[in-house]
Amino acid sequence: MAVVRARIAGGAHVSAAPAHGGAVPRFVALGVAAVGTMAATAMLLGMPTASVAAGAGSLVAALVVCTVGMHRTHPHARLGAANVVTLVRLTIVGLLLSILLAGGAHATAGHATTIVALGVVALCLDGVDGRLARRQGLASRFGAAFDMEVDSAFALVLSVLAAFGPAGPLALVLGLPRYVFGVAELLAPWLNAPLAPRFSRKAVCVVQLIALIALQLPFLPPWAALTLVALAAGLVAWSFGLDIARLSRSRQGLPATRAR
C-alpha cells in the first residue's frame, strides 16, 4: 500500500523492460470484464445512467493509462495474481465514484452501508497484492505504480464521499496528500528520490484508510468525525515530514536515519 509514499528503494517492485508474452492482452481482457462488472453492479444498486456512464468512463480511462504503463514497465510474460487483485480494487474505486456522482449527499446517505462494505473489501485486499507479487516472483515497476495510484484514488474518492458526512469538507485533507506531494515533486525534484521501506509508513496508510471508511458512517457524531480527521491527518503529516526530512538529508549527503 502506498497512499502515504510509494517510491521505495529495495522494495518488491523493481525496474523492468517492456512486457512480453500475454500479460498485456490478459490485462486488457480483464479490464473489459471489470468495466462491465462495475457498470452492472452500479445499475443493480439503482445508480442513474449518467453516473454509471461517468464511472465506467473514468475506469476505462484509468485502464488505458495502466495498459500503457504495463507495456512499458512490466517485464513478465505472466500478468500475476497481484495485478489482478489491484484491478479488483480499481474496479471498486470506479463503483464508489459512480455512487458519488449519483447525487452527492443524497446518494452517499442512501448507500452508506454499501460504501462501507466496499471500502472494507478494498482495504482487506490492500497489501495482498505486494505479497502475491513477491511470492510469485512477478514484482515490477508497473506493479508498484499501479498499487500506489489505486490507493491514492481510493483515498480521494472516499474523502469526497466523507465530505458529505459528519466531518464535512475537512475530510478532504485525508484524500489529497498524494496529489499535493506530487505537485511538490514538480517544484522540488529532489523529493522524487527513492526511500527505504518503513513499517510506520504502511501503518499510517492503514490508519488513513480506516479513518476514511469510518467517516462514511452517517450516525458518527460531528465531534467524533472531526477528531478522527485530526488524528489521521496528524499521522499522515508526521509520516510525510519524516520522509521529507530523510530525503533532505540524502540530498545533502548526510547519513539517513534508521527506517522504522
Side-chain angles (χ1 to χ4, degrees), residues 1-38 55-94 97 122 125-157 177-197 201-202 205 243 247 250:
M1 70 174 45
V3 173
V4 176
R5 183 69 172 145
R7 268 174 291 282
I8 309 301
H13 299 286
V14 295
S15 298
H20 300 285
V24 171
R26 291 190 189 100
F27 184 76
V28 172
L30 287 173
V32 171
V35 173
T37 300
M38 189 235 88
S58 299
L59 183 55
V60 168
L63 289 170
V64 169
V65 174
C66 290
T67 301
V68 173
M70 170 170 275
H71 179 72
R72 292 176 176 175
T73 57
H74 183 77
H76 311 290
R78 296 166 58 198
L79 175 61
N83 289 320
V84 176
V85 170
T86 309
L87 178 58
V88 171
R89 293 196 292 119
L90 178 60
T91 306
I92 291 174
V93 174
L97 180 61
L125 291 175
D126 198 6
V128 172
D129 42 14
R131 286 192 291 270
L132 286 172
R134 290 188 291 271
R135 182 177 300 176
Q136 294 184 321
L138 297 175
S140 68
R141 282 177 55 198
F142 168 78
F146 191 24
D147 181 46
M148 176 183 75
E149 298 304 339
V150 170
D151 275 345
S152 301
F154 180 41
L156 180 61
V157 173
R178 161 73 180 95
Y179 303 100
V180 172
F181 199 88
V183 173
E185 288 175 332
L186 295 176
L187 301 175
W190 57 272
L191 292 172
N192 199 32
L195 283 163
R201 183 187 298 115
K202 298 178 181 179
C205 288
D243 283 343
L247 289 169
S250 176

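Computed from heavy atoms alone, side chains included, the values below leave out hydrogens, waters and symmetry copies.
Looking only at side-chain heavy atoms (C-beta outward), Phe142 and Cys66 come within less than 4.5 Å of each other. By the 4.5 Å heavy-atom criterion applied to side chains, Arg26 and Val84 are not counted as neighbours. The shortest side-chain heavy-atom distance between Leu90 and Leu63 falls under the 4.5 Å cut-off.
Rounding to the nearest 0.5 angstrom, the gap separating the CD1 atom in Ile92 from the OG1 atom in Thr37 is 11.5 Å. Of the inter-residue distances, the one linking Thr86 atom OG1 with Asp129 atom CG reads 3.5 Å to the nearest 0.5 angstrom. The distance from the CG atom of Asp151 to the CZ atom of Phe146 is 11.0 Å, given to the nearest 0.5 Å.
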For this session: Test side chain to side chain contact (heavy atoms under 4.5 Å, CB included) on Arg72 and Arg141 and set out the steps.
Result: CA-CA 9 Å; Arg72 292 176 176 175; Arg141 282 177 55 198; over 6 Å; no

For this session: Please lay out, stage by stage, how Asp147 and Arg89 fare under the test side chain to side chain contact (heavy atoms under 4.5 Å, CB included).
Result: CA-CA 9 Å; Asp147 181 46; Arg89 293 196 292 119; 2.5 Å; yes

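Closest of all the heavy-atom pairs between Leu97 and Val157 is N-CG1, 4.0 Å. Of all non-hydrogen atoms in Arg178 and Ser152, the two that sit nearest each other are CG-OG, 2.9 Å. Closest non-hydrogen pair, Glu185 versus Leu191, comes out as OE2-O, 3.6 Å. When every heavy atom of Val35 is checked against every heavy atom of Ala56, the shortest pair comes out as CG1-CB, 4.1 Å. The heavy-atom pair separating Ala82 from Gln136 by the smallest distance is N-OE1, 4.3 Å. Smallest separation of non-hydrogen atoms from Tyr179 and Ala153: OH-N, 3.4 Å.
Using a distance-only test at 3.5 Å, with no hydrogens or angles considered, no donor-acceptor pair links the side chain of His74 to the main chain of Thr67.
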